[in-house]
S.K.: 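Okay, handing you the structure first.
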Amino acid sequence: FGSVLEAGSNIYAAAGSPLSNSNIGYVHILRRNQFGSFYVDQALAAPGHDANGKFGNDIAIINDGKWMFVGQPGVDKVQVYQFIEIDEEGLFAIAENTVGDGITTTFTLATTPTSIYELKVIVGNKLMIPFKEYTISGDEIIFTTAPGVVEISIVRNNYFDFITTLTGTASTNFGHKVLTSTDAVQIIVSAPDENDGTIRTFNRSIENLVADGTTNRFVTSLEPSDLGRNQISVDGNTTNDYNFVGARTWVLTETPAAGS
């Protein structure tokens, strides 16, 4: 645990354990409390839970903590995550004081989760790891092993959500090292076993537009569904004050200044 450490400038950090579970590898998200101490707040496994993937071999988090890139060089991948803040943290996704019986593996949740990662699942005193120890199907959580006669706590939490995978050439150790610019516009990934060593650069920016100072309505070249998890910035400052109003069209709450 913690052979790799990375942190942004906010309250979150990440600890990578690439050799855990016979080199499958995991990442644990650490959260700073009001006293300045860190505690484990989320457990991450690669979406494919790949054998010998070495997930967490390297981690890059941008300054504001909103994007995280995790190297998985055993299968030549980098997994991309975005930090998601929910409206209300701590809401129970299963009845309080639910107790296992050592037989039941499937439990019904109060609502269907948006992502497997938004649930903080604790059995007894152990934080469970998605894909390894449980999966989600609709409004049900299915444990790999039936919880014993212990309390099961499942709450909705702020979380890092999986967005996409960057894939390198097979057997090149792609993802051995990962760096990102402070705003995550560029991601730099090493593949030390490709030729005499290769560095690849990825550009995360989808489209740049220039404001005229009179309109707050803009049209993109891609459908919103093609953009994945959307992020809009004005002069480099991320904003959530916008709405999509139709195919390829979004409206900012405030009109940006000319030249923005």
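Residue numbers run from 1 in the order of the sequence given.
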S.K.: Please report the interatomic distance CD(Glu118) to CD1(Ile86), rounded to the nearest 0.5 Å.
M.R.: 6.5 Å

S.K.: Looking at Gly65 and Phe83, what are the two nearest heavy atoms and their distance?
M.R.: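 Heavy atoms of Gly65 and Phe83 come nearest at O-CB, 3.5 Å.
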
S.K.: Could you state the interatomic distance from NZ (Lys54) to CG (Leu19), rounded to the nearest 0.5 Å?
M.R.: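 Answer rounded to 0.5 Å: 6.5 Å.
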
S.K.: Under 4.5 Å between side-chain heavy atoms, hopping through other hydrophobics if needed: is there a path connecting Ile141 to Val150?
M.R.: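 Linked, Ile141 and Val150 end up in one cluster.
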
S.K.: Using side-chain heavy atoms (C-beta onward) and a distance below 4.5 Å, is Phe143 in contact with Ile152?
M.R.: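 With C-beta onward as the side chain, the pair touches.
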
S.K.: Thr180 and Trp67: side chain to side chain contact (heavy atoms under 4.5 Å, CB included), yes or no, with the steps?
M.R.: CA-CA 9 Å; Thr180 181; Trp67 289 91; over 6 Å; no

S.K.: Which heavy atom in Ile62 sits nearest to a heavy atom in Ala184, and how many Å separate them?
M.R.: CG2-CB, 3.1 Å

S.K.: Do Ile187 and Val75 share a hydrophobic cluster (ILVMFWY, side-chain heavy atoms under 4.5 Å, transitive)?
M.R.: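 No, separate clusters.
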
S.K.: Considering non-hydrogen atoms only, spot the tightest contact between Thr135 and Phe131 and give its length.
M.R.: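 So the minimum-distance heavy-atom pair works out to CG2-CA, 4.3 Å.
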
S.K.: Is there a side-chain contact between Leu109 and Arg156, using heavy atoms and a 4.5 Å cut-off?
M.R.: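 In short, these two side chains do not touch, never coming nearer than 4.5 Å.
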
S.K.: Measure the acute angle between the ring planes of Phe244 and Tyr242, then classify it against the limits of 30° and 60° as parallel, tilted or perpendicular.
M.R.: perpendicular

S.K.: Cut-off 3.5 Å, no hydrogens considered: what does the side-chain donor-acceptor table look like for residues 29-45, sequence neighbours left out?
M.R.:
residue, atom, partner, partner atom, Å
Arg31, NE, Tyr12, OH, 3.3
Arg31, NH1, Tyr12, OH, 3.4
Arg31, NH1, Glu89, OE1, 3.4
Arg31, NH1, Glu89, OE2, 2.9
Arg31, NH2, Glu89, OE1, 2.9
Arg32, NH1, Asn10, O, 3.4
Asn33, OD1, Phe35, N, 2.9
Asn33, OD1, Gly36, N, 3.1
Asn33, OD1, Ser37, N, 3.0
Asp41, OD1, Lys120, NZ, 3.1
Asp41, OD1, Asn157, ND2, 3.1
Asp41, OD2, Asn157, ND2, 3.2
Gln42, OE1, Phe160, N, 3.0
Gln42, NE2, Phe160, O, 3.1

S.K.: Could you pull out all residues at least two apart from Lys66 that satisfy salt bridge (charged side-chain N to carboxylate O under 4.0 Å, His left out)?
M.R.: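 Lys66 satisfies salt bridge (charged side-chain N to carboxylate O under 4.0 Å, His left out) with no other residue.
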
S.K.: Could you state whether Phe92 and Ile154 fall into the same hydrophobic cluster, counting links through intermediate Ile, Leu, Val, Met, Phe, Trp or Tyr residues with side-chain heavy atoms under 4.5 angstrom apart?
M.R.: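 No: no chain of side-chain contacts under 4.5 Å links Phe92 to Ile154.
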
S.K.: At what distance, to the nearest 0.5 angstrom, does CG of Asn52 lie from CD of Gln72?
M.R.: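 That separation rounds to 10.5 Å.
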
S.K.: Could you tell me if the side chain of Val185 sits less than 4.5 Å from the side chain of Asn203, heavy atoms only?
M.R.: yes

S.K.: Do Tyr134 and Ile116 have side-chain heavy atoms sitting under 4.5 Å apart?
M.R.: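 They are in side-chain contact.
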
S.K.: Can you find a pair of side-chain heavy atoms, one from Thr239 and one from Glu254, that are under 4.5 Å apart?
M.R.: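 Not touching, per the 4.5 Å side-chain cut-off.
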
S.K.: With a 3.5 Å distance limit and no angle check, can you tell me whether Ser153 reaches the backbone of Ile122 through a side-chain donor-acceptor pair?
M.R.: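 No; zero donor-acceptor contacts below 3.5 Å.
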
S.K.: Are Phe162 and Pro130 packed together at the side-chain level, in the sense that at least one heavy-atom pair is separated by less than 4.5 angstrom?
M.R.: no

S.K.: Does some side-chain heavy atom of Pro113 sit less than 4.5 Å from a side-chain heavy atom of Ile136?
M.R.: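 Of all side-chain heavy-atom pairs linking Pro113 with Ile136, at least one is under 4.5 Å.
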
S.K.: Can any side-chain N or O of Thr182 pair as donor or acceptor with the backbone N or O of Asn63 at less than 3.5 Å?
M.R.: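 No, because the side chain of Thr182 does not come within donor-acceptor range (under 3.5 Å) of the backbone of Asn63.
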
S.K.: Please give me the minimum heavy-atom distance between Ala257 and Ala211, naming the atom from each residue.
M.R.: O-CB, 3.5 Å

S.K.: So, for Asn173 and Asp76, which heavy atoms are closest and what is the spacing to 0.1 Å?
M.R.: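 The pair with the smallest heavy-atom distance is N-OD1, 2.8 Å.
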
S.K.: Quick one: do Val245 and Arg217 satisfy side chain to side chain contact (heavy atoms under 4.5 Å, CB included)? Show the steps, please.
M.R.: CA-CA 9 Å; Val245 296; Arg217 190 180 187 93; 3.7 Å; yes

S.K.: Calculate, to the nearest 0.5 Å, the distance between atoms CG and CG belonging to Asn158 and Asp161 respectively.
M.R.: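 The CG atom of Asn158 sits 12.0 Å away from the CG atom of Asp161.
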
S.K.: Establish whether Ile59 and Ile24 are linked, either directly or via other cluster members, by ILVMFWY side-chain heavy-atom contacts under 4.5 Å.
M.R.: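 Different hydrophobic clusters.
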
S.K.: With a 4.5 Å heavy-atom cut-off, do Thr198 and Phe174 have their side chains touching?
M.R.: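 Sidechains of Phe174 and Thr198: no contact.
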
S.K.: Given the rule that I, L, V, M, F, W and Y join up when any side-chain heavy atoms are under 4.5 Å apart, are Val189 and Ile163 in one cluster?
M.R.: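 Yes, same cluster.
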
S.K.: Going from CG on Asn57 to NE2 on His176, what distance comes out if it is rounded to the nearest 0.5 angstrom?
M.R.: 6.0 Å

S.K.: Can you name the closest pair of heavy atoms from Ile94 and Thr98 and give their distance?
M.R.: CG1-OG1, 3.9 Å

S.K.: Which is it for Val4 and Asp58 under the side chain to side chain contact (heavy atoms under 4.5 Å, CB included) test, yes or no, and what are the steps along the way?
M.R.: CA-CA 6 Å; Val4 177; Asp58 201 24; 4.1 Å; yes

S.K.: Between Glu194 (side chain only) and Thr172 (backbone N and O only), is there a donor and an acceptor less than 3.5 Å apart?
M.R.: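 No, because the side chain of Glu194 does not come within donor-acceptor range (under 3.5 Å) of the backbone of Thr172.
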
S.K.: Atom OH of Tyr159 and atom CG of Leu119: how far apart are they, to the nearest 0.5 Å?
M.R.: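 Going from the OH atom of Tyr159 to the CG atom of Leu119 covers 9.0 Å.
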
S.K.: Strictly distance-based, threshold 3.5 Å: is any side-chain N or O of Thr164 a donor or acceptor partner for the main-chain N or O of Val80?
M.R.: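 Absent.
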
